[in-house]
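Only one structure is covered here, and it is reproduced in the block below.
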Amino acid sequence: MTSIRPALPRWRRRLATVAAALVLATGIGGPTLPGPFVARAVAATGGALGAHYDATGTAIDFRVFSSRATRIDLYLYRTALGSQEAAVVPLTKDSTTDVWSASVPVSTIQGQYGITGAVYYGYRAWGPNWPYDPAWTKGSSAGFVSDVDTAGNRFDPNKLLTDPYARELSHDPGTPGGADSTAYGTGPPFRAVDDGALAPKGIVLAADTTSTGTKPTRALKDDIVYEVHLRGLTENDSSVPAAERGTYAGAAREAADLTALGVTAVEFLPVQETQNDANDVDPTSTDGDNYWGYSTLDYFAPDRRYASDRSPGGPTREFKAMVKAYHDAGIKVFTDVVYNHTGEGGPWNASDKNTYSLLSLRGLDNPTYYSLTSDMQSPWDNTGVGGNVNTYNPVTADLITDSLAYWKDSLGVDGFRFDLAPVLGNTCQHGCFQYGRTDPGTALNRITHLMPARPAGGGTGTDWIAEPWALGGGTYQVGNFPVGWSEWNDKFRDTLRRSQNTLGVENVTPGELATRFSGSSDLYQDDGRAPSNSIDFMVAHDGFTLADLYRCNTKNDNQPWPYGPSDGGSDHNLSWDQGGVAADQRKAARNGFAFLMLSAGTPMITGGDEYLRSLKCNNNPYNLDSSANWLTTAWTGDQSTFRTYAQRLSAFRKAHPALRPTAFYTASDTNGNGNGMGQLQWFTPAGTTPDSTYWSDPNNHALAWRIDGTEFSDPTAALYVGYNGWSGDVDFALPSPGAGKNWYRVTDTSSWAEGPDQVARPGSESLVGGAGTVYTLHARATLLLIAK
């Protein structure tokens, strides 16, 4: 169950000597290069793609890949927006690597070209569908053959293309008050429109020494993940200086508060460059807004809009400083990444094969970077977001892994969550989609081969997390990702939502509940993965908030600002408003949060769930850059109470390793201490062991389990959890807490216990009794006991 973000609105043979001579002689497009410069053109196979100062700092090396271009020119600019180029530099192609390159002396850049500040740059490319013509000038159609040819090429030299490896971008394609975005289009009547003055440019960055601190090595099983939008985290927070609200610098200030909440890993929605500069042109309109950011323009560049320092290099430095602030607090930093599609989007009109946006990849090497239909004329799109990235192509896979390595090693990121991740397991480049779990050539397996996953018990490595589904056939792959990958577990989510919200309508058996509570061994054990590879969640950014899951029977996306309007949200939410009873809605939310904190697996909560943030039933607020979608600290009394509940239950999970097993639980007594307890034992409400009939009967809505704390070096001898999913009271006969011990209540989620101490502080737990004690658990409630 997911809501797919709509795509944004419409919004290379060796360089011939003759062609190079023509450019040098005529000066078409800007100043020409001195003779010594040509001799320095880089044609070696070594060196990183992108734009980098050489080892001496006296030249900048520019390198870009294209296997199909017949000519590529580098355009250099003094300013990012509104001016023409300062120089045009022809690139030379290495026929072995298909890398086009040039090395430009800094002295030439500063002296002859007059670029004394930041160096802005982009590329223009020609190819088989638009060969180079010496008569071509910016804005002309000289040389044009077709918008697309039978091989899928879409070259158009009137479009300035950003470097796929650019470390920062100067601005978005659409800027407040900027030109019509049709300037970026090909096809009639747009192909001859020159976009050079307004197009985004790459920025050449010198090496940066800003520290990202020491990375935590904590096991994923010991994390509590907090998914949040970076801008939304602080944009509405009056305790943050106004200039830093909604920025990396502002987010850095939240490290202490998130630590106090119990968060150990913050997962930011996409922070790679996307079209969002123009979100607030009309603050009461959502037209064209891209608040979530699932439409990437550059895989290396931190989004400039989230920086308080937007000068060249500022976003990179500020992002790294934010990462250090979290690392200093012991918090991991995860980022949500989008490698299945890009901000170039799909066709502007489904019936028009000619008219597309050309911003970067499509204009450099369309068939290398995108999966195309078998006739090579259109994107292969089984995700509904404009066309799949060709992740099985080795060059594209290198782009993906190179960018991930940059974010991991240079920017300090500890883990990544992948949007629509099955696309990265595709084993077909064009004309089909075929997911392959074991194929070493998929991007999925290349990623973990080059950058190993963090071991289940902790240590160095990277936390790799997949959203294991998309829309099209063959894309639902929950439980079928390679070793090294964790997955958003929608079976956990849906099983527990059904148990809470569809009683009498959909069947849930005790066996299903037990499987989800204990780490989903049916999904992850057979391939050697661990309980922590199940990312347990009840809600995410994509869908209802935790509060709305229990307040809303249906979505309501068509609301006025600031709660809408939006579109595209799922109609299958497994939600229920609890009969409209506010106390029951809060109780259901407490249960949902308890499921996360008391289950094996890695729990993920969404920003604002800790205080019952509501979007009034909007379940797809992808376009709402509004106060309704930002977090707040102006909580009501009920919200403050729930936040205390969430904080204390998170602390309980962190304090009890028995809830965070490295391997799947067993029913056996593995430590031989004579207490007669298995690692985990299940009970019916009567205190008996469930038989096959009980496990498989959906009319049984209550289940309990006991974990032997001594098997996990837990400070508590045993833990007991009882769940009553029935609409009436259920009596639970308690099992033995161990010789000489009694059960003490940590929490009961029932409404009678609601208040700031609903989760008892350590040492203040209430005595319940020993073995055989009967505890009446009210309707739809969860009980947590410890033995002492």
Side-chain angles (χ1 to χ4, degrees), residues 3-11 147-148 152-156 158-162 164 169 171-175 178-188 190-191 193 195 198-200 270 272-279 286-299 301 303 337-373 376-391 396 399 419-420 423 430 433 470-472 566-568 620 622-623:
S3 303
I4 304 301
R5 276 70 56 195
L8 283 177
R10 26 178 137 157
W11 97 243
D147 289 299
V148 59
N153 295 302
R154 290 186 178 273
F155 294 97
D156 182 343
N158 290 309
K159 311 305 172 185
L160 187 77
L161 307 172
T162 57
L169 292 188
H171 57 275
D172 290 351
T175 57
D180 191 320
S181 62
T182 58
Y184 302 110
T186 58
F190 313 113
R191 70 173 71 96
V193 176
D195 68 3
L198 62 97
Q272 294 171 333
E273 271 289 1
T274 191
Q275 172 66 59
N276 57 16
D277 282 355
N279 276 8
T286 62
D287 184 36
D289 285 3
N290 175 27
Y291 176 66
W292 279 352
Y294 287 89
S295 210
T296 310
L297 294 171
D298 185 293
Y299 289 130
D303 197 309
V337 289
V338 188
Y339 290 106
N340 57 83
H341 69 285
T342 77
E344 286 187 295
W348 292 10
N349 185 314
S351 62
D352 180 4
K353 72 174 185 179
N354 295 311
T355 308
Y356 286 77
S357 295
L358 255 66
L359 300 172
S360 180
L361 303 175
R362 181 171 286 133
L364 285 169
D365 200 327
N366 188 44
T368 289
Y369 291 118
Y370 293 107
S371 289
L372 305 177
T373 51
M376 305 299 283
Q377 300 295 287
S378 305
W380 181 272
D381 185 3
N382 65 342
T383 60
V385 285
N388 293 359
V389 170
N390 186 7
T391 63
T396 306
L399 172 63
D419 180 66
L420 308 184
V423 174
H430 303 296
F433 178 90
L471 278 182
S566 302
D567 57 19
N620 197 39
Y622 71 95
N623 58 338

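- For the atom pair CG (Asp303) and CD (Gln275), the distance works out to 9.5 Å, reported to the nearest 0.5 Å.
- Residues Phe155 and Asn153 are in side-chain contact: their nearest non-hydrogen atoms beyond the backbone lie under 4.5 Å apart.
- Note that the CZ atom of Arg154 and the CE atom of Met376 stand 10.5 Å from one another [nearest 0.5 Å].
- Between Tyr184 and Asp195 the shortest heavy-atom distance is CD2-OD2, 3.1 Å.
- Nearest heavy-atom pair, Thr383 versus Leu420, reported as atom, atom and distance to 0.1 Å: CB-CD1, 3.9 Å.
- Residues Tyr622 and Asp567 have side chains in contact (heavy-atom distance under 4.5 Å, counting atoms from C-beta outward).
- In terms of heavy-atom proximity, Gly343 sits nearest to Ser295 at CA-OG, 3.4 Å.
- Panel note: side chain Asp172, backbone Gly174; no donor-acceptor pair is recorded below 3.5 Å.
- Looking at every heavy atom in both residues, Val338 comes nearest to Tyr299 through O-CE2, 3.1 Å.
- Atom-to-atom distance recorded for Leu160:CG and Leu198:CG is 9.5 Å, nearest 0.5 angstrom.
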**Request:** Check the pair Phe433, Asn388 against side chain to side chain contact (heavy atoms under 4.5 Å, CB included), reporting the backbone distance first and the verdict last.
**Result:** CA-CA 10 Å; Phe433 178 90; Asn388 293 359; 4.1 Å; yes
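- In terms of modelled atom types and a separation under 3.5 Å, the side chain of Lys159 and the main chain of Val193 share a donor-acceptor contact.
- Under a 3.5 Å cut-off, the side chain of His430 and the backbone N or O of Pro367 do form a donor-acceptor pair.
- Side-chain contact check for Thr286 and Asn623: at least one donor-acceptor pair (N or O, by modelled atom type) lies under 3.5 Å.
- In this structure, Tyr369 and Thr342 have side chains that are not in contact, with every pair of non-hydrogen atoms separated by 4.5 Å or more.
- Counting only distance, with no hydrogens or angles, the side chain of Ser360 and the backbone of Thr162 share a donor-acceptor pair below 3.5 Å.
- Asn354 has its side chain out of reach of Thr186: every pair of non-hydrogen atoms, C-beta onward, lies at least 4.5 Å apart.
- With Thr391 contributing its side chain and Val423 its backbone, the two residues share a donor-acceptor pair below 3.5 Å.
- In this structure, a donor-acceptor pair under 3.5 Å is absent between the side chains of Thr175 and Asp277.
- Asp289 places no side-chain N or O within donor-acceptor distance of the main-chain N or O of Tyr291, the cut-off being under 3.5 Å.
- Using a 4.5 Å heavy-atom cutoff, the side chains of Tyr356 and Glu344 are not in contact.
- Judged by distance alone, the side chain of Asp298 and the main-chain N or O of Glu273 form no donor-acceptor pair under 3.5 Å.
- Using modelled atom types and a 3.5 Å distance limit, the side chains of Asn290 and Thr274 yield a donor-acceptor pair.
- The shortest distance between side-chain heavy atoms of Leu399 and Leu361 falls below 4.5 Å.
- Counting only heavy atoms from C-beta outward, the side chains of Asp147 and Pro188 approach each other to under 4.5 Å.
- Contact check for Leu297 versus Pro200: no side-chain heavy atoms found under the 4.5 Å cut-off.
- Looking at His341, its side chain never comes within 3.5 Å of a backbone N or O of Gly384 through a donor-acceptor pair.
- Not one N or O on the side chain of Thr355 forms a donor-acceptor pair closer than 3.5 Å with the backbone of Pro347.
- No side-chain donor-acceptor contact under 3.5 Å links Ser371 to the backbone of Trp380.
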